[in-house]
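In what follows, a structure is listed as structure tokens, so that the remarks can point back to it.
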Amino acid sequence: MSSHNESILREPLITGKDITYAKITDDILLPVENKPNKAWWIGFTVAALGAMLWVISVGYTFWTGIGAWGLNKTVGWAWDITDFVWWVGIGHAGTLISAVLLIFRQNWRNSINRSAEAMTIFAVICAATYVVAHMGRPWLAYWIFPLPNQFGSLWVNFNSPLVWDAFAISTYFTVSLVFWYCGLLPDIASVRDRASGVKKRVYSILSFGWNGSVKTWQRFEIVSLILAGISTPLVLSVHTIVSMDFATSVIPGWHTTIFPPYFVAGAIFSGFAMVQTLLLILRKVMNFEDYITMFHIEAMNKIIMVTGSIVGIAYLTELFIAWYSGSEYEMYAFANRIAGPYAWAYWAMMTCNVISPQLFWFKKIRTSIPISWVLSIVVNIGMWFERFVIIVTSLHRDYLPSSWAMFYPTWVDVGIFVGSIGLFFTLFLLFLRFLPGIAIAEVKLLLKSSSLQHKTKTVQEGAFPEEQVEFFRNSLEKYDTVTETDIKALRQK
């Protein structure tokens, strides 16, 4: 366990009094070991109803064909691919928090990585359902993978974006799942050691014989770093492949080289927004305020602000390149987005993705929990509109005005999208019910270095200059879990 004295100028990552290793375990395992509270049941009921809508809508699509969607000859891609790209983007924050921040030794990830990783798994599952549904013949989905000779062919058509998506999603899902589950092993063992009966036998199987020995922990650290190294390129490669579904075409508005970095930044942008949405509810409902602090919320808001600015620059770059290219088709595609029939979607995208994140420049907004939660939802609404604008407005008016057509979603389109959100939250709530929502072992590493309790003790021992103590005391006033008594304690020597 780390026991060095961290700088007093750094905000604590664990707040609260009388925090011990045993208390951390008790607090985090409380939702797992006890019956779910009323808030969980309400959320699960609503999410399950949404999942039922998804089953009905997808079942209707499989029974009648994708003609049940609002697609037409002109707009061959619409809500299906919009939702697919949206879900893949949401899944990116989990990999970034888990892998990239681990490699850079950012300890503030320890309290939020578990939920972010779970979010990645469930978001990728939702994304994969759109790929299968859009095939039209989902029972032949195995055709997108290399097949043995007895199936009639050895290789698939690697020129097809459908194959690219299949490889990207399967790789991303597999690595993310292994990374998530390996991180769960010590915590599952903690549940196993405290359980009895059938529950103990189930968690014993899931823990893979974890015994907590030095050799076990050593291998755990090595595997974590190896998986982090493998996962880090996925943050760039997966959404780059998704962007190439569009960029390798010759459609005005799609055929652009800025798409790969633009899509990656947008994915991290929307992913962190969804993590923020989930964690702000999680810390309140599960009473995790001591472990998911204002520092975590503010740090994620800063990343949302930076990636939102990158996305805004990408929007402006697209407009400039369309003008600078001198191509009348390219210029018209963007003029149509700005002032055409779908202009409302374009300006909703610009408002949500470019303007709203800039509010986080103000510290009062950046450290306001209600405003942060609302803006995180606004960002994801904007990112959905971004994918809709890119896909539909680039298709509904092509080179021949005689083939122009508008896209109007059917109840099946809406049902699948709303239902996929219900499916996502159903899976996430089940995860919180049976597995720890915060990494117990990783949070314990911070107790003797980054907790408010430890910093208060070192201040009282006179380990820091008075001006640093005063700065630290003032910075704590914005914490909703720190009382005036805690702040006054910092002055006691």
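Just so you know, these numbers use all the heavy atoms, side chains as well, and skip hydrogens, waters and symmetry mates. Note that the structure is a prediction, hence the values are computed from the model and not measured.
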Full working for side chain to side chain contact (heavy atoms under 4.5 Å, CB included) between R114 and L184: CA-CA 8 Å; R114 176 67 50 74; L184 271 168; 3.2 Å; yes

Evaluation steps, ring-ring contact (aromatic ring centres under 6.0 Å, His included), between F425 and F428: CA-CA 5 Å; F425 280 101; F428 189 78; 7.2 Å; no

Test side-chain hydrogen bond (donor to acceptor under 3.5 Å, both in side chains) applied to T82 and W384, step by step: CA-CA 7 Å; T82 298; W384 186 90; 5.7 Å; no

Verdict with reasoning, Y181 to L206, per side chain to side chain contact (heavy atoms under 4.5 Å, CB included): CA-CA 9 Å; Y181 196 80; L206 295 176; 3.4 Å; yes

Pair Y342-F407, ring-ring contact (aromatic ring centres under 6.0 Å, His included): steps then yes or no: CA-CA 10 Å; Y342 291 111; F407 165 78; 7.9 Å; no

Residues W254, S394; criterion side-chain hydrogen bond (donor to acceptor under 3.5 Å, both in side chains); working and verdict: CA-CA 7 Å; W254 289 3; S394 298; 3.3 Å; yes

Evaluation steps, side chain to side chain contact (heavy atoms under 4.5 Å, CB included), between I438 and M286: CA-CA 11 Å; I438 294 178; M286 301 295 185; over 6 Å; no

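Within 6.0 Å of CZ in F104 there are 12 or fewer heavy atoms belonging to other residues, nucleotides or ligands. Taking a 6.0 Å sphere around OH of Y329, one finds it holds 12 or fewer heavy atoms contributed by other residues, nucleotides or ligands. Within 6.0 Å of the CZ atom in R433, the count of heavy atoms belonging to other residues, nucleotides or ligands exceeds 12.
For the pair S115 (side chain) and G437 (backbone), a donor-acceptor distance under 3.5 Å is present. A donor-acceptor pair under 3.5 Å is absent between the side-chain atoms of T171 and the main chain of A168, judged by distance alone.
The aromatic rings of F246 and F263 sit tilted, their planes meeting at an angle between 30° and 60°. Relative orientation of the Y324 and F320 rings is parallel, given thresholds of 30° and 60° on the angle between their planes.
The line from CD of E289 to CG of D27 is 10.5 Å long, rounded to the nearest 0.5 Å. For the atom pair M244 CE and T257 OG1, the distance stands at 10.5 Å (nearest 0.5 Å). How far CZ of F62 is from CE of M135: 9.5 Å, rounded to the nearest 0.5 Å. The distance from the CD1 atom of I321 to the CG atom of L316 is 11.5 Å, given to the nearest 0.5 Å. Note that OG of S372 is 9.0 Å distant from CD1 of I365, once rounded to the nearest 0.5 Å. Here the straight-line distance linking atom OG1 of T248 with atom CH2 of W164 works out to 3.5 Å at 0.5 Å rounding.
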Distance-only donor-acceptor pairs under 3.5 Å for side chains of residues 86-103, two or more places apart:
{"unit_1": "W86", "atom_1": "NE1", "unit_2": "N380", "atom_2": "O", "d": "3.0"}
{"unit_1": "W87", "atom_1": "NE1", "unit_2": "S420", "atom_2": "OG", "d": "3.1"}
{"unit_1": "H92", "atom_1": "ND1", "unit_2": "V88", "atom_2": "O", "d": "3.2"}
{"unit_1": "H92", "atom_1": "NE2", "unit_2": "V235", "atom_2": "O", "d": "3.1"}
{"unit_1": "T95", "atom_1": "OG1", "unit_2": "Y172", "atom_2": "OH", "d": "2.7"}
{"unit_1": "S98", "atom_1": "OG", "unit_2": "G94", "atom_2": "O", "d": "2.7"}
{"unit_1": "S98", "atom_1": "OG", "unit_2": "E117", "atom_2": "OE2", "d": "2.6"}

Indicate every side-chain donor-acceptor pair of residues 271-279 with a distance under 3.5 Å to a residue at least two apart or in another chain.
{"unit_1": "Q276", "atom_1": "NE2", "unit_2": "I297", "atom_2": "O", "d": "3.2"}
{"unit_1": "Q276", "atom_1": "NE2", "unit_2": "N301", "atom_2": "OD1", "d": "2.7"}
{"unit_1": "T277", "atom_1": "OG1", "unit_2": "A273", "atom_2": "O", "d": "2.9"}
{"unit_1": "T277", "atom_1": "OG1", "unit_2": "S376", "atom_2": "OG", "d": "2.7"}

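With sequence neighbours left out, the side-chain contact (heavy atoms from CB on, under 4.5 Å) criterion links I258 to T256, Y262, A314, T317, E318. With sequence neighbours excluded, the residues satisfying side-chain contact (heavy atoms from CB on, under 4.5 Å) with S309 are Q358. In this structure, H255 has no ring-ring contact (aromatic ring centres under 6.0 Å, His included) partners at least two apart in sequence or on a different chain. Judged as a ring-ring contact (aromatic ring centres under 6.0 Å, His included), and not counting sequence neighbours, W361 has no contacts.
A 4.5 Å side-chain heavy-atom check between P252 and F334 finds every atom pair outside the cut-off. Within the 4.5 Å cutoff, side-chain heavy atoms of L430 are placed close to those of F44. Taking 4.5 Å as the limit, every side-chain heavy atom of V191 sits out of range of all side-chain heavy atoms of D187. The side-chain heavy atoms of F84 and I391, taken from C-beta on, include no pair separated by under 4.5 Å. Annotation: side chain of L432 is not in contact with side chain of P31 (no heavy-atom distance under 4.5 Å).
When all heavy atoms of P260 and T240 are compared, the closest pair comes out as CB-CG2, 3.6 Å.
Each of L71, D413, T410, I416 was scored for a side chain to side chain contact (heavy atoms under 4.5 Å, CB included) with W79, with one residue passing: D413.
Side-chain contact check for R283 and T293: no donor-acceptor pair (N or O, by modelled atom type) lies under 3.5 Å.
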